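Quick caveat: nothing in here was measured; it's all calculated off a predicted structure. Note that these values count all heavy atoms, side chains included, but never hydrogens, waters or copies made by symmetry.
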There are 2 protein chains.
Amino acid sequence: MTRTAKTRRRRRRADGGYARGEQTRRRLLEAAIELFAELGYERASTRAIATHAGVSLPALQYYFGGKEGLHRACAEYITEDVRTRLGPATDRVRQALSRRDLGRAELLELLRAVVEPFLEGLATERPESWALFFARAQGEHSAGFDTIFQQIGGRLLALVTEIIGRILGRPPSGPEVAIRAVIVVGQLTLVRRARPIILRALGWPNFAGERLQTLKEVIWDGIASSLSGH
Amino acid sequence: MTRTAKTRRRRRRADGGYARGEQTRRRLLEAAIELFAELGYERASTRAIATHAGVSLPALQYYFGGKEGLHRACAEYITEDVRTRLGPATDRVRQALSRRDLGRAELLELLRAVVEPFLEGLATERPESWALFFARAQGEHSAGFDTIFQQIGGRLLALVTEIIGRILGRPPSGPEVAIRAVIVVGQLTLVRRARPIILRALGWPNFAGERLQTLKEVIWDGIASSLSGH
DNA sequence: CTAATTTTCTATCATCCGATAGAAATCTGT
DNA sequence: ACAGATTTCTATCGGATGATAGAAAATTAG
């Protein structure tokens, strides 16, 4: 409680026009994502972020209220983008699940439709730093960040849990289903987290083209097999 | 390069007796593991560590040369303990692998003998903080830490890779085998990293007793299945 | 053009951090 | 008990960090 517990709220903005400053805000956001991803929350100093963005230091406080606010804004920015890119596919799957007479093969296909885009995104995410930002933030337990994170992870997990539950013919709340679901989703995030290890083990430089295809096939094969046995 | 690149080496010690100070060293080490695990490297200040250990601040520099040295010492301390507790089992497996005529069932049993103790350790590691320390350190890319980490992870991965390669009848360097091996080992670490998520999804308070048994069974069942279905 | 508002900048604060100096206290072997 | 080495302490340094004050510049509306 020694800290400045002044719970500073974000500055009011965007009532009038003044579209000029929107650009600095954007620059700051992108520089922050990059540096948070590369260095982590603590090591990425506000000065380095401001310099990297080509703006002056106080702009950071002006637009985001402080470092923590900036970090939260980064998370929201990425979350929003991921949602718009993955949302449609998952919505389609969710709708398809309303049919109660789906066979095992169809359910597996739906699972694949959820899993593959996510995996592909994690392996090749356009700005290299996005998924990395998440990986960092998750490990750092940034204040109130889990809430935002779960908007993506939680939805995905819920969807995967339902599909696996129906494949196994068990209640989604039971241990078998829940554990398997977490493992499946966790496997996908591994592609990001253990990326250097995987690449080194394989002697690959990256996950481009043919290699991404192989990666997806092997991982999917493992998932499908683990849900078929017994 | 602005930093004090004085590459300070550890103080000489332990030539004579002077066993009195060994206790402070130990206290410092244990307090550091706890705080590094709870707060991460940056947030765990040297002052907090010293206070928590009940010693004065300069003792930290005296015994470990600095914060970084202390962190490295923590990693070595944990690594050593894990090795002594897991080493015998893996050595036995390694030796059993010298036989070339092992059947699928036998190979699976060997894999299980490697995987289960590791999983159990990750789920219930005595001082709650040890595995957490690793999780943090891995994400933080502490300087030269990967080397130490790989003394455990690397050996385990190599062993798992060989077993899976023989089960699948493929060269251990190929993509199928290497990817699967990383996934299997990664699944185990998930138990630590995603621990709160798993517990919440299951409505469990912890991984004690019967629940640990269930966890092990479900995870192992998934691994075994994924290696059986062609 | 002018007044009101928004945005940016320079300079500075207060604090925390890791590290060190150097004296004081403690321990060990003889 | 004594000399020499080791361990611990108080006080302080230099530097980096996040944040702010307040003037200056830029932008918009009337």
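- Residue A:T24 places none of its side-chain N or O atoms closer than 4.0 Å to OP1 or OP2 of C:dT7.
- In this structure, B:Q23 atom CD and D:dT8 atom P are separated by 9 Å, rounded to whole Å.
- Between B:I49 atom CD1 and C:dC17 atom C1' there is a gap of 12 Å when expressed in whole angstrom units.
- For the pair B:F36 CZ and C:dG18 C1', the interatomic distance rounds to 12 Å; values are reported in whole Å.
- Counting only distance, with no hydrogens or angles, the side chain of B:R180 and the backbone of B:I164 share no donor-acceptor pair below 3.5 Å.
- Relative to the ring axis of A:Y41, A:K67 places its NZ or CZ within 45° and under 6.0 Å from the centre.
- Contact annotation: A:Y63 reaches the phosphate of C:dT8 (side-chain N/O to OP1 or OP2, under 4.0 Å).
- Geometrically, A:K216 does not engage A:F207 in a cation-pi contact defined by less than 6.0 Å to the ring centre and at most 45° from the axis.
- A:S45 comes within 4.0 angstrom of the backbone, heavy atoms only, and of no base.
- Across all their heavy atoms, A:R26 and A:Y77 have their closest contact at NH1-OH, 3.7 Å.
- We find that CZ of B:F64 is positioned 18 Å from C1' of C:dT20, with the value rounded to whole Å.
- Rounded to whole Å, atom C1' of D:dT8 lies 12 Å from atom CG of B:L28.
- Judged by closest nucleotide on DNA chain D, B:G54 is the one of B:G54 and B:R47 placed further toward the 5' end.
- For B:Q61 and C:dA19, the shortest distance from a side-chain N or O to OP1 or OP2 is below 4.0 Å.
- The separation between A:L60 atom CG and D:dG18 atom C1' is 9 Å, rounded to whole Å.
- The OH-P distance, from A:Y62 to C:dT7, rounds to 4 Å in whole Å.
- Under 4.0 Å is where a charged nitrogen must lie from a carboxylate oxygen, and between A:E140 and A:R136 no such pair does.
- Relative to the side chain of A:P58, the nucleotides D:dT20, D:dT8, D:dA19 differ in distance, and D:dT20 lies closest.
- Distance from the side chain of B:T46 is smallest to C:dA19 among C:dA19, D:dT6, D:dA19.
- Rounded to whole angstrom, the span from the CD atom of B:E22 across to the C1' atom of C:dC27 amounts to 15 Å.
- Of the listed nucleotides (D:dC9, C:dC9, C:dG18), C:dC9 has the atom at the smallest distance from the side chain of A:S56.
- Within 4.0 Å (heavy atoms only), A:L57 reaches at least one base atom of the nucleic acid.
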